[in-house]
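Step one of this worksheet: look at the structure below.
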Number of protein chains: 2
Amino acid sequence: MNHAPDCAARLLAAARALFARRGYDGTSVRAITAKAKANLGAVTYHFGSKEALYHKVIESITEPFVDRVAAAAAGAGAPLDRIEAIVRTVFEQMERHPEMPALIIRVLASERRMPPPAARTMQRNIRALSETIRAGQRDGSIRTGDPILLSMSVVAQPLHLALTGRLLEQGLGLDRHDPATRARLVRHVVETVRAALARQPKAPS
Amino acid sequence: MNHAPDCAARLLAAARALFARRGYDGTSVRAITAKAKANLGAVTYHFGSKEALYHKVIESITEPFVDRVAAAAAGAGAPLDRIEAIVRTVFEQMERHPEMPALIIRVLASERRMPPPAARTMQRNIRALSETIRAGQRDGSIRTGDPILLSMSVVAQPLHLALTGRLLEQGLGLDRHDPATRARLVRHVVETVRAALARQPKAPS
DNA sequence: GGCGCCATCATACAAACGTATGAATCACGC
DNA sequence: GCGTGATTCATACGTTTGTATGATGGCGCC
């Protein structure tokens with residue numbers, strides 16, 4: 001008896017969590033409906049199929065994200081500062097949706113056709129980043145290098161750090177839910193990204 | 001009729017490829033045996049179970065790798081050079097086993113217990129890296145920061161770039177099988193890692 | 001009250017899954 | 001040639017899977 005409102009929303013939340021932890025194939029419709037306290041037929045009813053639910057999950061995470069990244073890239077300030085703002089936006093998004101790194105990275109690792117919302121998000125984010133990098137290269141604050149490759153190197157930092165959280169807990173005794181720890185990780189990534197991109201003065205040789 | 005030798009080796013190769021592309025749950029024993037031209041019962045006979053085969057796959061990729069990373073870390077040269085050597089070792093391993101990034105990353109993303117060989121590899125690689133980074137911090141060539149976090153930032157680069165190969169092909173028209181392209185990617189990551197780690201002289205303010 | 005629409009439910013179904021198992025074949029040594 | 005162990009094979013089995021579908025109840029409108 002599921003009389004609580006928003007069955008579809010509960011399914012979406014359950015699916016988000018389970019697809020992130022177990023992957024698409026490792027998550028059954030029954031596991032999703034059990035977690036959402038919904039009936040087995042609810043997935044077909046509300047979404048049409050398991051795959052359509054999966055696409056909706058990806059979309060629910062990525063769509064709001066794109067605008068935030070674009071806003072950070074379009075903000076005021078030097079290119080390196082704007083890239084820092086983008087990185088902080090990524091961290092905020094991961095805090096809002098802790099499943100995001102695993103979901104995105106599973107999409108990247110899979111031979112399955114990429115869900116359109118994920119593909120759009122990646123393209124737009126990489127474009128926002130690489131254009132900001134180009135601006136920095138033009139004004140001399142960012143080193144030379146391929147802007148798209150540099151963009152990917154930037155995005156790799158927060159995503160992989162989120163994925164390796166388990167190792168961090170064991171290796172450093174960190175508590176991922178501790179705000180001070182989170183701030184430390186953000187600081188680390190921001191410093192690393194800035195160091196990786198900043199143009200250095202010519203070495204006197 | 002499978003009279004060809006090394007049925008177990010064929011299963012291992014087929015499983016390696018399929019686990020990387022489809023993940024553990026998305027790969028059926030029947031798909032593996034079909035690809036290996038072996039009988040359905042062969043997996044249970046040679047490995048005991050699908051899961052044991054999976055562990056063997058992970059082990060077959062990671063075990064030789066650890067020694068190579070340790071050798072690169074123990075080599076002669078400045079810490080930054082040794083870190084570059086480690087990065088090149090990672091790329092060589094990925095060239096030898098193109099499935100490696102996807103396999104490793106799926107392990108990281110999964111809620112499933114980490115296969116012991118993968119856990120050992122990661123610990124040892126991170127240790128080799130972070131000790132090299134500490135040496136660089138002691139001699140002043142590498143900037144301050146947590147060595148383990150810095151190690152993870154280093155490893156994220158080649159892995160992520162390998163995973164996003166599809167996007168690179170679309171965004172840059174790159175052919176991943178082209179040696180010149182590979183060299184370009186290696187150069188990019190090496191430069192990025194060195195830039196991210198190198199200690200900068202104090203800015204005159 | 002009846003109707004239509006929506007949402008929930010329980011169940012059925014065909015297909016797929018990993019494992020188990022006994023039979024058959026092969027390879028090797030004596 | 002025989003015996004033994006290893007390997008391959010075909011099949012069975014219980015379980016799980018995603019989808020389909022008809023029944024039922026709730027709600028709003030006429």
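None of the values given here were measured: they were computed from a predicted structure. Per chain, numbering begins at 1; letters A, B, ... match sequence-line order. Heavy-atom basis, side chains included; hydrogens, waters and symmetry copies ignored.
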To the nearest Å, how far apart are [X] [atom1] and [N] [atom2]?
X: A:Tyr45; N: D:dT24; atom1: OH; atom2: C1'; result: 14 Å
X: B:Lys37; N: D:dT8; atom1: NZ; atom2: C1'; result: 16 Å
X: A:Leu53; N: D:dT19; atom1: CG; atom2: C1'; result: 14 Å
X: B:Asp6; N: D:dT8; atom1: CG; atom2: C1'; result: 15 Å
X: A:Leu11; N: C:dA7; atom1: CG; atom2: C1'; result: 12 Å

Within the pair A:Asn39 and C:dA10, is there a side-chain N or O less than 4.0 Å away from OP1 or OP2?
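Yes.
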
With a 4.0 Å cutoff (strictly under), does any side-chain N or O of A:His46 reach OP1 or OP2 of C:dT8?
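For A:His46, the contact criterion (side-chain N or O under 4.0 Å from OP1 or OP2 of C:dT8) is met.
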
Using a strict heavy-atom distance below 4.0 Å, which residues from residues 14-22 of chain B are in contact with DNA chain D?
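Nothing qualifies; none.
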
Pairs meeting criterion salt bridge (Lys or Arg N to Asp or Glu O under 4.0 Å) with involvement of residues 89-98 of chain B, two or more places apart:
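Every salt bridge (Lys or Arg N to Asp or Glu O under 4.0 Å) pair that includes a residue of residues 89-98 of chain B, provided the two are not neighbours, is B:Glu95-B:Arg182.
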
Sequence neighbours left out, what pairs pass salt bridge (Lys or Arg N to Asp or Glu O under 4.0 Å) with at least one residue falling in residues 11-23 of chain A?
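Matches after skipping sequence neighbours: A:Arg21-B:Glu111, A:Arg22-B:Glu111.
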
Can you name the salt bridge (Lys or Arg N to Asp or Glu O under 4.0 Å) partners of [X], sequence neighbours left out?
X: B:Asp81; result: B:Arg194
X: B:Asp67; result: B:Arg124
X: B:Arg134; result: none

Given 3.5 Å as the limit, does a donor-acceptor pair link the side chain of B:Gln137 with the main chain of B:Gly145, or not?
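Side chain of B:Gln137 to backbone of B:Gly145: a pair is present.
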
Tell me the ring-ring contact (aromatic ring centres under 6.0 Å, His included) pairs involving residues 120-157 of chain B, sequence neighbours left out?
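Output for this query is empty, none listed.
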
Quick one: what's the B/S/- string for nucleotides 14-21 of chain C, heavy-atom cutoff under 4.0 Å, read 5' to 3'?
---BBB--

Output every pair passing side-chain hydrogen bond (donor to acceptor under 3.5 Å, both in side chains) with a member in residues 24-36 of chain A, not counting sequence neighbours, ordered by first then second residue.
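Applying side-chain hydrogen bond (donor to acceptor under 3.5 Å, both in side chains) to every pair that reaches into residues 24-36 of chain A, excluding sequence neighbours, yields A:Asp25-A:Arg112.
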
